[in-house]
Amino acid sequence: MISTQFDYVCAQTLDEALTLLAENEDAKILAGGHSLIPAMKLRLATPPLLIDIGRIPDLCYIREEGGQIRIGAMTSHYQIESSELLKNICPLLPECAGHIGDVQVRNKGTIGGSLAHSDPAGDWPAAAIALNAELVAASKDGERSISADDFFVDLMTTDLRPGEILREIRINKRGGRTGHAYVKMHHPASGFAVVGVAASITLDDNGGCKHTSIGITGISGKAYRAATVESALNGKAPDDQAIAGAAAHATEGVEINGDLFASEDYRRHLAVVYAKRAIALAIERAG
Ligand SMILES: Cc1cc2nc3c(=O)[nH]c(=O)nc-3n(C[C@H](O)[C@H](O)[C@H](O)COP(=O)(O)OP(=O)(O)OC[C@H]3O[C@@H](n4cnc5c(N)ncnc54)[C@H](O)[C@@H]3O)c2cc1C
């Protein structure tokens with residue numbers, strides 16, 4: 001199928017894009033186009049105007065600033081996957097990026113587009129939650145920062161308001177003995193996450209779990225923080241029993257999706273297994 005007719009503007013600056021968005025409330029931002037264009041071809045989205053933000057130069061960067069990692073919304077999955085800076089200071093991000101789609105998807109798709117799209121089987125939302133990311137939204141009225149925990153509201157629904165563009169992703173660098181991991185069961189047909197678990201774990205001097213942060217995707221209508229898993233592990237020596245006991249809470253309080261490929265029960269089981277794997281790997285990497 002082909003899309004309905006639409007107008008197209010390639011914005012040269014963020015201000016121009018924000019002005020166009022403020023003046024055209026049904027317009028859609030076009031980033032990498034790897035979710036929006038398929039949706040338009042299926043006529044699930046019929047925007048009268050596309051505002052392309054792909055040529056705005058200051059939306060594509062990865063840098064360290066003020067103790068934080070800052071990533072421009074238009075940074076592609078591949079740029080993150082291949083960033084030496086991120087491999088050194090936040091390896092969860094390149095690891096997560098490497099699990100997304102295929103080379104073509106990773107070359108065009110962007111972290112900002114993926115977070116704003118909030119696909120329930122998308123990979124970035126789990127990583128953003130595990131890393132306690134702050135998402136900076138810009139509008140004609142200024143900017144505001146939204147925590148990843150508050151950003152994902154429902155199925156393909158975020159806290160972004162009309163007229164807002166996701167501009168930047170900020171992540172506080174975590175020091176000490178911190179290990180990260182992203183593990184995923186790829187759907188054999190689409191490559192999206194049947195389940196994806198991101199873990200960021202800091203150990204104390206005695207090897208106990210000081211800070212545990214777990215984001216899970218693929219299971220429910222939106223990615224979520226596995227808060228009960230975190231509290232079950234914090235303060236404990238991370239032996240096999242403690243890890244298994246904590247991972248058993250992976251879907252606590254969550255409405256689980258079932259479909260032809262993975263029933264609700266199977267997804268519940270997968271979430272526990274993959275949470276266990278992610279935790280064990282993050283602890284091993286924390287050293
Ligand atoms: C074959 C295929 C396989 C894929 N496999 C995976 C996978 O395994 N894992 C995964 O996570 N994803 C996967 N994807 C999705 C891919 O990662 C997309 O790139 C991503 O979901 C959307 O990013 P985009 O830059 O392409 O955004 P677009 O498609 O351009 O936009 C997506 C939505 O977000 C809005 N938007 C975009 N940028 C912004 C912004 N800065 N501020 C506000 N709103 C914005 C748009 O208006 C639109 O509604 C796959 C896609 C394809 C086609």
Side-chain angles (χ1 to χ4, degrees), residues 3 6 8-11 14 17-18 20-22 24-42 44-56 58-61 71-81 93 95-128 135-139 143-144 146 151-152 155-169 182-196 198 215 217-218 222-223:
S3 74
F6 58 89
Y8 168 91
V9 180
C10 182
L14 181 61
L18 290 171
L20 284 164
L21 197 56
N24 300 274
E25 63 174 29
D26 292 329
K28 279 273 184 198
I29 295 297
L30 176 67
H34 269 51
S35 291
L36 181 57
I37 301 296
M40 288 172 65
K41 288 173 83 172
L42 291 168
L44 296 171
T46 54
L49 171 66
L50 288 189
I51 304 167
D52 188 346
I53 58 170
R55 305 276 167 87
I56 301 175
D58 46 357
L59 284 181
C60 183
Y61 53 84
I71 302 176
M74 279 303 296
T75 307
S76 71
H77 309 318
Y78 174 72
Q79 285 168 318
I80 295 172
E81 181 187 10
L93 292 169
E95 184 171 28
C96 180
H99 279 282
I100 298 175
D102 51 30
V103 176
Q104 290 95 325
V105 173
R106 294 198 290 276
N107 267 319
K108 282 299 284 179
T110 67
I111 186 168
S114 195
L115 292 168
H117 192 57
S118 185
D119 190 301
D123 295 289
W124 282 129
L135 310 182
V136 180
S139 74
E143 289 196 344
R144 70 187 177 109
I146 310 159
F151 189 78
F152 307 105
L155 183 84
M156 290 173 166
T157 307
T158 69
D159 190 49
L160 284 175
R161 297 172 186 152
E164 283 186 332
I165 292 178
L166 177 58
R167 185 182 71 73
E168 186 176 76
I169 295 92
Y182 183 67
V183 296
K184 167 180 178 182
M185 178 175 177
H186 296 245
H187 189 288
S190 71
F192 276 86
V194 179
V195 59
T217 188
K222 61 170 186 140

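Note that ligands are numbered from 1 as they come in the structure, with each ligand's atoms numbered from 1 the same way. Quick caveat: nothing in here was measured; it's all calculated off a predicted structure.
Nearest to atom 25 (O) of ligand 1 by heavy-atom distance, out of Leu36, Thr110, Thr217, is Thr110. Nearest residue to atom 3 (C) of ligand 1 from Leu30, Ile165, Val105, Leu166 is Val105 (criterion: closest heavy atom). When Ala39, Ala121, Gly109 are ranked by how near their heavy atoms come to atom 19 (O) of ligand 1, first place goes to Gly109. Closest heavy-atom approach to atom 28 (P) of ligand 1 among the candidates Pro125, Gly33, Ala17: Gly33.
Residue contacts with ligand 1 for Ile53 involve side-chain atoms from C-beta outward but no N, CA, C or O (heavy atoms, distance under 4.0 Å). Only side-chain heavy atoms of His77 come within less than 4.0 Å of ligand 1; its backbone N, CA, C and O stay farther off. Here Leu59 has no heavy atoms under 4.0 Å from ligand 1, in either its backbone or its side chain. With a 4.0 Å cut-off on non-hydrogen atoms, Glu168 does not touch ligand 1 at all.
Here the OG1 atom belonging to Thr158 is positioned 9.0 Å from the CG atom belonging to Leu135, to the nearest 0.5 angstrom. In this structure, OG1 on Thr217 lies 6.0 Å from OH on Tyr182, to the nearest 0.5 angstrom. Taking NE2 of His34 as the start and CD1 of Ile100 as the end, the distance is 11.5 Å to the nearest 0.5 Å. Atoms OG1 and CG, on Thr157 and Leu155 in that order, are 6.5 Å from each other to the nearest 0.5 Å. Once rounded to the nearest 0.5 Å, the distance linking CG of Leu21 with CD1 of Ile165 reads 5.5 Å. With rounding to the nearest 0.5 angstrom, the OG1 atom of Thr46 is 8.5 Å from the CE atom of Met40.
Taking 4.0 Å as the cut-off, Gly191 counts as a neighbour of ligand 1 on heavy-atom distance. Met156 does not count as a contact of ligand 1, since none of its heavy atoms falls under 4.0 Å from the ligand. Within the structure, ligand 1 lacks Asp119 among the residues with a heavy atom less than 4.0 angstrom away.
Counting only heavy atoms of the protein, atom 21 (O) of ligand 1 lies nearest to Ser35 OG, 2.7 Å. In terms of protein heavy-atom proximity, atom 10 (C) of ligand 1 is closest to Asp123 OD2, 3.4 Å. At the shortest separation from atom 26 (O) of ligand 1 among protein heavy atoms lies His34 N, 2.8 Å. For atom 47 (O) of ligand 1, the closest non-hydrogen atom of the protein is Ile29 O, 2.6 Å. Ranking the protein heavy atoms by distance from atom 27 (O) of ligand 1 puts Gly113 CA, 3.5 Å first.
For ligand 1, the polar-atom distance check against Ala116 finds no nitrogen or oxygen pair separated by under 3.5 Å. Checked by distance only, ligand 1 and Lys184 come closer than 3.5 Å through their nitrogen or oxygen atoms.
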ask   = When you look at Ser139 and Arg161, which way does the side-chain contact (heavy atoms from CB on, under 4.5 Å) test go after all the steps?
value = CA-CA 9 Å; Ser139 74; Arg161 297 172 186 152; over 6 Å; no
Audit row: Trp124, Ile80, side-chain contact (heavy atoms from CB on, under 4.5 Å) steps and yes/no = CA-CA 11 Å; Trp124 282 129; Ile80 295 172; 3.7 Å; yes
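Judged by distance alone, with hydrogens and angles left aside, the side-chain atoms of Lys222 form a donor-acceptor pair with the main-chain N or O of Phe152 at under 3.5 Å. A distance-only check finds a donor-acceptor pair linking the side chain of Arg106 to the backbone of Gly101 [under 3.5 Å].
Atoms of ligand 1 lying under 4.0 Å from any heavy atom of Gly32, numbered from 1 in the order shown and given with element: 24 (P), 25 (O), 26 (O), 27 (O), 30 (O).
Between His99 and His186, the ring planes are tilted. Angles from 30° to 60° get that label.
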